[in-house]
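Structure below; questions to follow.
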Amino acid sequence: MINTKFSLRTMTQSLKHYDSINHQYRGTFMDRPIALMLILILLPCFLINITLALCTKRSLFSMQHRTDALSRPVILHNFSCGIWVKTAVLFDIYSGRISFCGIPLNHRLPPDLQFCVINQIKCRAGLFSLYDLHLRTGLAIMSKEQLLEQQLNGNAADYLALIIKSFMSVIFYGQAIKKFKKAKYLSLFGLNVKNTSMAEAVDWITQTPADKTQIGFFVNVHSINLSISDPTFFKQLSNANALFADGSGMRLAAKKAGFLLNGNNNGTDMLPHLCESCVESNQSLYFFGAKPGIAEQAANALCKQYPGLNIAGTKHGYNEDNNAEQIIESINNSGCDILLVAMGSPVQEQWLLEHRDKLHCKTALAVGGLFDFYSGNISRSPMWLREIGMEWVWRLLQEPRNKFNRYVIGNPLFLYRTFILGLVNTGEK
Ligand code: UDP
């Protein structure tokens with residue numbers, strides 16, 4: 001019965017009917033050979049650790065007592081001294097006590113879900129999981145339950161891919177559980193950035209009571225680079241009511257400043273949540289920006305996907321005669337609650353701040369190339385690239401000329417400013 005699908009949703013609806021394990025997590029047969037290969041590669045490091053332990057008369061290993069998401073006790077080995085002490089966990093994997101990928105270690109599932117998993121699938125605790133991977137890169141597109149289901153239904157190739165992606169994301173972002181400070185607001189590069197999960201960001205957009213239009217911007221590597229070389233733009237960003245941290249670069253920068261970001265608040269992942277929230281709360285959107293026809297195409301596609309969604313109007317962003325007054329009149333006449341402006345940084349931010357007092361909508365956001373994605377004009381990067389925080393590589397491949405400066409020059413410059421110059425902490429120019 002190995003090929004039946006592991007399902008949490010149908011199981012939780014009829015708990016009693018499932019009382020036998022009928023599914024096996026595929027791919028775990030790779031654990032021993034991969035662990036052995038890594039042990040051999042790391043042998044010199046292990047020998048140093050063993051020698052150090054013998055010289056200092058310490059025990060070779062220290063034990064870490066953990067509990068997995070199914071409340072099962074798990075013991076992990078660490079070297080008691082030396083370098084890369086945590087790599088001793090490879091012996092736990094080799095001996096079959098845990099897997100590379102499996103049931104997450106750092107989170108607990110609710111009791112009814114624990115029941116479903118335990119009775120349905122044969123699966124050990126894992127060093128890595130799809131949920132941990134999404135948490136580390138701040139993706140907020142699927143629930144914990146959906147991610148577990150997807151992971152445990154994967155085949156051997158998915159298993160290997162998850163190991164590789166997890167290794168890469170640990171190298172890029174470190175472990176998510178380290179003791180970083182948690183704060184509602186972070187000071188990054190001198191800007192007051194909101195540290196919200198995706199759901200909190202959407203709540204701010206749709207539920208904050210406001211007498212006048214509140215402005216929200218997404219700050220990413222590109223806008224930070226612009227703000228450092230252009231004091232006027234820095235001032236404009238500071239004048240927003242909310243700044244959301246967008247992208248993996250901001251995640252790295254926050255960690256450098258000692259903070260853990262709650263989510264990757266980028267506009268593209270946010271839009272589906274925003275549409276759902278607008279349908280529920282009966283609020284309307286207005287799309288302003290992008291090439292002629294694109295905002296309209298995006299609006300049509302979203303209305304099909306979210307029945308009941310009200311897009312009060314659209315307008316393209318190439319207005320040579322600079323007829324801002326007419327555009328504002330059309331936005332206000334539409335009676336929209338939320339305005340999305342997509343003209344690229346810094347134009348969209350400048351436009352919003354210049355005209356905020358004339359706008360009647362509740363919230364206005366600057367959203368970059370958002371409509372290009374949702375109109376289907378530009379394709380979104382494959383999930384595996386997003387999971388390791390490398391979506392920018394896809395955008396660079398799609399528009400190499402346009403995006404060369406932003407990514408090939410901009411990304412290393414951002415890292416230099418963050419890690420070498422330390423501008424993330426001080427915000428000094
Ligand atoms: N754009 C516009 N008017 C302009 C210049 C650009 O409407 O005068 C649009 C452009 O068509 C694109 C968006 O602004 O849809 C900017 O996209 P970009 O890729 O720069 O945004 P990102 O998401 O990278 O911030």
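Atoms within a ligand are numbered from 1 in the order they appear, just like the ligands themselves.
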- For atom 5 (C) of ligand 1, which of Tyr407, Trp351, Tyr318 has the closest heavy atom? Tyr318
- Atom indices of ligand 1, in the order listed, that fall short of 4.0 Å to a heavy atom of Arg395: 19 (O), 22 (P), 23 (O), 24 (O)
- Query: Should Lys362 and Asp337 count as an ion pair when the cut-off is N to O under 4.0 Å?
  - Reply: no
- Message: Can you classify the ring geometry of Phe6 versus His23 as parallel (below 30°), tilted (30 to 60°) or perpendicular (above 60°)?
- Response: tilted
- Can you find an N/O atom of Gly317 closer than 3.5 Å to an N/O atom of ligand 1? yes
- From atom 22 (P) of ligand 1, work out which of His222, Gln398, Arg406 has a heavy atom at the shortest distance. Arg406
- With a 4.0 Å cut-off on heavy atoms, does Gln348 reach ligand 1? no
- Item | Any donor-acceptor N/O pair, Ser169 side chain to Ser166 backbone, under 3.5 Å | yes
- Task: Decide whether Gln151 and Tyr159 meet the rule of one side-chain donor and one side-chain acceptor closer than 3.5 Å.
- Result: no
- Query: Just one of Asn225, Ile224, Asn220 clears the side chain to side chain contact (heavy atoms under 4.5 Å, CB included) bar with His222, so which one?
  - Reply: Asn220
- Note on the structure: At under 4.0 Å between heavy atoms, what of Lys315 touches ligand 1? The answer is neither
- Message: Tell me if a side-chain donor or acceptor on Asn195 pairs with a main-chain N or O of Tyr185 at a distance below 3.5 Å.
- Response: no
- Item | Cationic N near anionic O, under 4.0 Å, Asp269 to Arg380 | yes
- Message: Starting from atom 9 (C) of ligand 1, what is the nearest protein heavy atom, named by residue and atom, and what distance separates them?
- Response: Ala342 O, 3.5 Å
- Task: Give a yes or no on this: more than 12 heavy atoms of other residues, nucleotides or ligands lie within 6.0 Å of atom CG of Asn282.
- Result: no
- Task: Could you see which bit of Ser345 sits under 4.0 Å from ligand 1, with heavy atoms only: side chain, backbone, both or neither?
- Result: neither
- Going by an N to O cut-off under 4.0 Å, is there a salt bridge joining Arg124 and Asp31? yes
- Task: Say whether Asn220, considering both its backbone and side-chain N or O atoms, lies within less than 3.5 Å of an N or O atom on ligand 1.
- Result: no
- Using distance alone, decide if ligand 1 has a nitrogen or oxygen within less than 3.5 Å of any nitrogen or oxygen in Gly368. no
- Message: Does Glu296 have more than 12 heavy atoms from other residues, nucleotides or ligands lying within 6.0 Å of its CD?
- Response: no
- With a cut-off of 4.0 Å, which atoms of ligand 1 are near a heavy atom of Gly344? 13 (C), 14 (O), 16 (C)
- Query: Measuring from the heavy atoms of His316, does anything fall under 4.0 Å of ligand 1?
  - Reply: no
- Query: Would you say Gln398's side chain and Ile378's backbone share a donor-acceptor pair under 3.5 angstrom?
  - Reply: no
- Message: Out of all atoms in ligand 1, which are within 4.0 Å of some heavy atom of Gly289? Include the element for each.
- Response: 7 (O)
- Return a yes/no value for Leu370: is any of its N or O atoms, backbone included, closer than 3.5 angstrom to an N or O of ligand 1? no
- Check whether any N or O atom of Gly369, backbone or side chain, sits under 3.5 Å from an N or O atom of ligand 1, and answer yes or no. yes
- Any N/O of Asp372 closer than 3.5 Å to an N/O of ligand 1? yes
- Which residue owns the protein heavy atom closest to atom 18 (P) of ligand 1, what's the atom, and how far is it? Lys403 NZ, 3.7 Å
- Task: Give the residue and atom name of whichever protein heavy atom lies nearest to atom 7 (O) of ligand 1, and the separation in Å to one decimal.
- Result: Ala290 N, 2.8 Å
